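First up is the structure itself, then whatever we jot down about it.
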Amino acid sequence: QITERLQRTLRALRGTVHVDEKALEPALKDLRMALLEADVNYGVVKEFLASVREKALGEQVMASLTPGQQVIRVVNEEMTALLGGAQVPLSLVGPSPHVVLLVGLQGAGKTTTAAKLGHFLRRKGHSPMLASVDVYRPAAREQLLQVAKSANLAAFEGAAETPQEIADAAQAAARKDGHDVLLLDTAGRLHVDEEMMAEAAALSAAFSPCVTLYVADSLAGQDAVNSVKAFADRVGLDGIILSKLDGDSRGGVALSIVSVTGLPVLFVGVGEKFGDLETYHPDRIASRILG
Amino acid sequence: LLPSEKVDAATLESLEEALISADVGPITAAELVEGLQEAAPTGEETRRLLRESMVRILEAPENGNRAEPEPGRETPWVALLVGVNGSGKTTTTAKLAARFQKHGCSILMGAADTFRAAAVEQLCVWGERLDVPVVAHQSGGDPAAVVYDACAAGSARGADVVLIDTAGRLHTKDNLMAELAKMHRSAGKVIDGAPDEVWLVLDATTGQNGLRQAEDFLTHAGITGLILAKLDGSARGGVALSIAHRLSLPIRYVGTGEGTDDLEPFDPEAFVDGLLG
Ligand SMILES: Nc1nc2c(ncn2[C@@H]2O[C@H](COP(=O)(O)OP(=O)(O)OP(=O)(O)O)[C@@H](O)[C@H]2O)c(=O)[nH]1
Ligand SMILES: Nc1nc2c(ncn2[C@@H]2O[C@H](COP(=O)(O)OP(=O)(O)OP(=O)(O)O)[C@@H](O)[C@H]2O)c(=O)[nH]1
Ligand SMILES: [Mg+2]
Ligand SMILES: [Mg+2]
């Protein structure tokens, strides 16, 4: 899609030896439009175009490529590099049980992801336990119990009433039953909800999670960077999980989040079942954004 | 910039940036700003003209002014709530029940999400809180059968309103969209002309994919309007403007929180003010 459009626009460079500044401009204009349509954040698009322009003009044209192909290659390379070149593993260090905290906006996919992560960890030889501290959403804790059950995973069930009490009791239960990972599913919250953000920060302070993961909806648009930044500032984040990538969203939010926060994407969600979790491949996301 | 001078390129560019940042989409944003350039307004007229053109787009779709259900109906008024995963359908179903209940209507809800974990339980909690009956089947059952039974129960009881919550589904999944079409037909088998409305619940954080969602749900589920949920966040739901423009679909309500009172009828002027910041 973008690559095809670029190829058409860059035909103006045919027969030239260098990537010409004037001929590059319509291509960059096209690229800007395409990236915005792909939901890449406005500011991130600006920065991306600037670096593409700099690289495309600054590089020696390779003998094997036309200037047009050169620009396309720069776009692809810049995009993949920005999306985080290497795959970052989930690192569980410190005392057991390792607490993994899942946070994010309402409906992003946290509860479903908790089961997916539990399933993934168990296949890697861990013994995870799931617990929900969502005391707000109707049947939230019931949902967590059901997804845990369908994935054949241990889940904490108790009489505790507040998020802190539930997490405390879950941690004790995990320790007692010999689980080495405690996956804490939290309530969806708005980053502009001061009270709920304070609650998340307090949970993080109290339980010192080994890893805090932000579940981001890949259908999201321009505002997504605002929420992830707020969570990173208030709660502290170690990584991102991109959900709902089985749709046809271009997923530009991935580029926005990664370039604005510098956080690694650890996994992508590709469906509603507990097996629908894949490792993150930046090159696949790049070609998805570039269509 | 003096208010009575012609608006400059920098101002137009910053307006375009504001629109894009509100998820209006680059093409619609460019069209709106080009329209301004042609009208050649002064600095102080610019924002007003832009506001007016956006409000016009939002007021244009025909079924925007369709009436809400009233108590004392002969047959139940039926609405299906549809949309992609996690957008806010179940909560919105409960909000609509609360709203129409306040208007004096007798309500029945159908828990037609037979797929997701604790989906039926979630709607039943709302039903208990509102004292509204919920028709539900065994998990894993045929959702079209729930639609059928909910409409039949509504008819039998003389309910004024039947609200049916459906499972989240990505519009790209053909089998799930076909299932929705079947649910639509089921309603019509029980009550003539049902469903009266099929509302797409759209998450206000949605980007340009929202237009794809609306197109596909229009084709397969015959949506008659939008409900924009989670507008209490910082996302402004601008893709709904593009949807109104390109598909002539009205925005009927906005969701502004997680409680049953957090639903308001759509106000185009307030919405546009939110988009322009
Ligand atoms: N298609 C698809 N659906 C997903 C994916 N991840 C989650 N979902 C669905 O998205 C919806 C919301 O998922 P939840 O796990 O309830 O989201 P949540 O973040 O826990 O929601 P709150 O607790 O209300 O904030 C459900 O219908 C899930 O089945 C995914 O990767 N692909
Ligand atoms: N802040 C806010 N949260 C909302 C709003 N509407 C729904 N939510 C929240 O969004 C999350 C998802 O809502 P649901 O009603 O379960 O969404 P759904 O579309 O039924 O989800 P699936 O059935 O899994 O597809 C819940 O945490 C709700 O409380 C809203 O207007 N504002
Ligand atoms: Mg949840
Ligand atoms: Mg639901």
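Quantities reported herein were computed from a predicted structural model and do not represent experimental measurements. Here is how names work: the chains are called A, B, and so on, in the same order as the sequence lines, proteins then strands, and each is numbered from 1. Computed from heavy atoms alone, side chains included, the values below leave out hydrogens, waters and symmetry copies.
- With hydrogens and angles disregarded, a donor-acceptor distance shorter than 3.5 Å links the side chain of Asp39(A) to the backbone of Gln208(B).
- For the pair Asn209(B)/Arg250(A), no side-chain contact is recorded, criterion being any heavy-atom separation below 4.5 Å from C-beta on.
- For Val239(B), no part lies under 4.5 angstrom from a heavy atom of chain A.
- In terms of heavy-atom proximity, Val147(A) sits nearest to Ala117(B) at CG1-CB, 3.7 Å.
- Partners of Phe217(B) by ring-ring contact (aromatic ring centres under 6.0 Å, His included), not counting sequence neighbours: none found.
- Both the backbone and the side chain of Asp246(A) come within contact range of chain B, each with at least one heavy atom under 4.5 Å from a heavy atom of that chain.
- Ranked by heavy-atom pairs shorter than 4.5 Å toward chain A, the options Lys230(B), His171(B), Glu17(B), Glu258(B) are led by Glu17(B).
- Residues of residues 123-134 of chain B lying within less than 4.5 angstrom of chain A, judged on heavy atoms, are Val125(B), Trp126(B), Arg129(B) in numerical order.
- Separating the CG atom in Leu219(A) from the OG1 atom in Thr205(B) is a distance of 8.0 Å, to the nearest 0.5 Å.
- A 6.0 Å sphere centred on CG of Asn175(B) holds more than 12 heavy atoms belonging to other residues, nucleotides or ligands.
- With rounding to the nearest 0.5 angstrom, the OG1 atom of Thr172(B) is 12.5 Å from the NZ atom of Lys244(A).
- Annotation for Gln106(A) and Asp203(B): closest pair O-OD2, 4.3 Å, computed over non-hydrogen atoms.
- Residue Ala220(A) touches chain B through both its backbone and its side chain, counting heavy-atom pairs closer than 4.5 Å.
- When Gly86(B), Ser21(B), Pro26(B), Gly25(B) are compared by the number of non-hydrogen pairs under 4.5 Å with chain A, Pro26(B) comes out ahead.
- When each of Ala139(A), Ser150(A), Gly109(A) is checked for heavy-atom pairs under 4.5 Å with chain B, Ala139(A) comes out on top.
- Heavy-atom pairs under 4.5 Å with chain A were tallied for Thr206(B), Ile20(B), Thr91(B); the largest tally goes to Ile20(B).
- The structure places CD of Gln146(A) at 9.0 Å from CZ of Arg116(B), a figure rounded to the nearest 0.5 Å.
- In this structure, a donor-acceptor pair under 3.5 Å is present between the side chains of Ser234(B) and Asp223(A).
- Interface residue Glu37(A): backbone and side-chain heavy atoms are both found under 4.5 Å from chain B.
- Legend: residues meeting side chain to side chain donor-acceptor pair (under 3.5 Å) with Thr112(A), ordered by chain and number and at least two apart, are absent.
- Contact count against chain B (heavy-atom pairs under 4.5 Å) is highest for Ser249(A) among Gly188(A), Ser249(A), Ala140(A).
- A donor atom on one side chain and an acceptor atom on the other are not found under 3.5 Å apart for Glu142(A) and Gln122(B).
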Original post:
Do Gln143(A) and Glu121(B) pass the side-chain hydrogen bond (donor to acceptor under 3.5 Å, both in side chains) test, and can you show the C-alpha distance, the side-chain angles, and the key distance before you say yes or no?
Top reply: CA-CA 9 Å; Gln143(A) 182 188 2; Glu121(B) 289 88 327; over 6 Å; no

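- The contact between Ile27(B) and chain A is made by backbone and side chain atoms together, counting heavy-atom distances below 4.5 Å.
- For Glu13(B), the CD atom counts as loosely surrounded, since its 6.0 Å shell holds 12 or fewer non-hydrogen atoms of other residues, nucleotides or ligands.
- Comparing Leu170(B), Asp23(B), Asp232(B) by how many heavy-atom pairs each has under 4.5 Å with chain A, the most go to Asp23(B).
- For Lys22(A), there are no salt bridge (Lys or Arg N to Asp or Glu O under 4.0 Å) partners two or more places apart in sequence or in a different chain.
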